[in-house]
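By convention in this document, chain letters (A, B, ...) are assigned in the order of the sequence lines, proteins followed by strands, and residues within each chain are numbered from 1.
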There are 2 protein chains.
Amino acid sequence: MPRSSAPDLGGRGRSTAVDRVVHLIRQGVKRGRYAPGQRLPEADLTRELQVSRGPLREALSRLAAEGVLEIEPYRGAMVRRLTRADVEDLYQVREVLEGQAAALAARRITEGDRAERLRQAVADMTAWRGRNDADAFAYMDSNAAFHDLIISLADNQVLADLMAQLGTNAFRLQLTNVMRANARETSIREHEEIAATILAGDARKAETSMRRHVRHSYDAVMKVSDDLLG
Amino acid sequence: MPRSSAPDLGGRGRSTAVDRVVHLIRQGVKRGRYAPGQRLPEADLTRELQVSRGPLREALSRLAAEGVLEIEPYRGAMVRRLTRADVEDLYQVREVLEGQAAALAARRITEGDRAERLRQAVADMTAWRGRNDADAFAYMDSNAAFHDLIISLADNQVLADLMAQLGTNAFRLQLTNVMRANARETSIREHEEIAATILAGDARKAETSMRRHVRHSYDAVMKVSDDLLG
DNA sequence: CATACAAACTTGTCAGACAAACTTACCGGA
DNA sequence: TCCGGTAAGTTTGTCTGACAAGTTTGTATG
């Protein structure tokens, strides 16, 4: 349940050098700038990111705790290489956590302006319909935003923190998969269904549809060849 | 999905100063040596733990990511204070994760010597029957070992890592609650039931009984007065 | 008594240094 | 030629000292 490691969302606090470096490296991994398995020598990073070894090492340590990097004593940091087993484990957990999030969101949908926010998110998603040419990263941000919103609607900080941790790796995995056109249409339809069940306040159905969605996403990811995984 | 932050279980690797410090502080929080809300100035810790600021700060950062400490810029680290809302969130997540673990364990119980290990763990638990006088910490270790075993039987590394993270806080919460005699007997009985359903290979029942157990545990914890929470 | 200001303290970051461990390159022997 | 071992080079783990930025504490003033 990280609090200080959160990406400066709600905290509005001054951002320290460590936060900045964590963000940059994480971004680099998500965007594929640092490839899985690539080693990240401290010397290179201090030059590249303009920070001293102290904050850098703290950042690396934090990213290792998050599962983005791996650190071995006297061998340094490298971008974590995900095996098929890792991905299976990851999605098994995502399924229950996001399912739980959807159920909680359904129960709380009438509070505040939750329903409105969810409808807006659906509108943002459907705007992508047919636009298969558009920037894949932008689409994925939109996709991630939808899932983040569900988590946020669930109103459970522990759940949110854990999902944030799984987020980086899950993101990386979908990077290649999501570009396929039909996968995109399917995904949009499933998002609509999830939103509908939540808006209906049906916790059980919301959980079911979310879990199915995550499973489909997993199936799609598993079709990716091994070298894309890690 | 921390790998390097794990308490040197499988990795058998050399332990660095950071690992040592992380372990000591975490232990201190679990055992109540550092009270919730207590501030932990770097100067004091460097003296107490005989380590320089570099590794110490790395350790603090790691523990903050784990949710054991809270760090505010220019104000330093303090033992995280859990609110009732935090506890509710925590147990809501524990319920689904441990439930999932029990279900997975049931599905895999026939592989290897899993069944035997589980039966042994049950035997260890029942040995506490009636011995309400005995060391509370030792009993809790036994309790934690049972839950850890279920996680381990589930054979999902991501799940195991997430649970390890929730572990420290969950442990702290049960510290006071578990000493009550009837709670202990109830807990032992529930453990027996969980083990039985897993050994029967019934994933659905295993999940149900585990979730009920976690919920009962939550109810017991919530009876604790606020100042014990943090 | 409340407020404003200054001193004291703590944290965030940097730079330089060195020991420990890992990598790589080289060399002699089978 | 291939193999194994040694030495040099590189990288990490940790320490020390230093200083700026921000916070906390204490005091004096209205």
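- Separating the CZ atom of B/R57 from the C1' atom of D/dT16 is a distance of 15 Å, rounded to the nearest angstrom.
- Put simply, CD on B/E72 is 17 Å from P on C/dT10, counting in whole angstrom units.
- Among D/dG13, C/dG12, C/dT13, the nucleotide with an atom closest to any side-chain atom of A/V18 is C/dT13.
- Under the 4.0 Å criterion applied to side-chain N and carboxylate O atoms, A/R62 and A/D19 are assigned as salt-bridge partners.
- Put simply, CG on A/D19 is 14 Å from C1' on C/dT11, counting in whole angstrom units.
- A straight line from CG of B/D44 to P of C/dT11 spans 8 Å, rounded to a whole angstrom.
- When distances run from any side-chain atom of B/P55 to the nucleotides D/dT12, C/dA15, D/dT14, the shortest one goes to D/dT14.
- Rounded to an integer number of Å, the gap from OH of B/Y74 to P of D/dG22 is 5 Å.
- Note that the CZ atom of B/R114 and the CZ atom of B/R108 stand 7.0 Å from one another [nearest 0.5 Å].
- The interatomic distance linking B/E42 (CD) with D/dT16 (C1') rounds to 15 Å, in whole Å.
- The two residues A/V51 and A/R20 come nearest to each other via the heavy atoms CG1-NH2, 3.2 Å.
- The side chain of B/P41 sits closest to C/dT11 out of C/dA21, D/dT14, C/dT11.
- Set against C/dA17, C/dG12, C/dC14, the side chain of A/R53 has C/dA17 as its closest nucleotide.
- Nucleotide D/dT12 holds its C1' atom 13 Å from the CG atom of A/L45, rounded to whole Å.
- Under a 4.0 Å N-O distance rule, the pair B/E98/B/R211 does not qualify as a salt bridge.
- Nucleic acid contact for B/G76: sugar-phosphate only, since backbone atoms but no base atoms lie under 4.0 Å from a heavy atom of the residue.
- Distance, A/I71 CD1 to D/dG13 P: 7 Å, rounded to whole Å.
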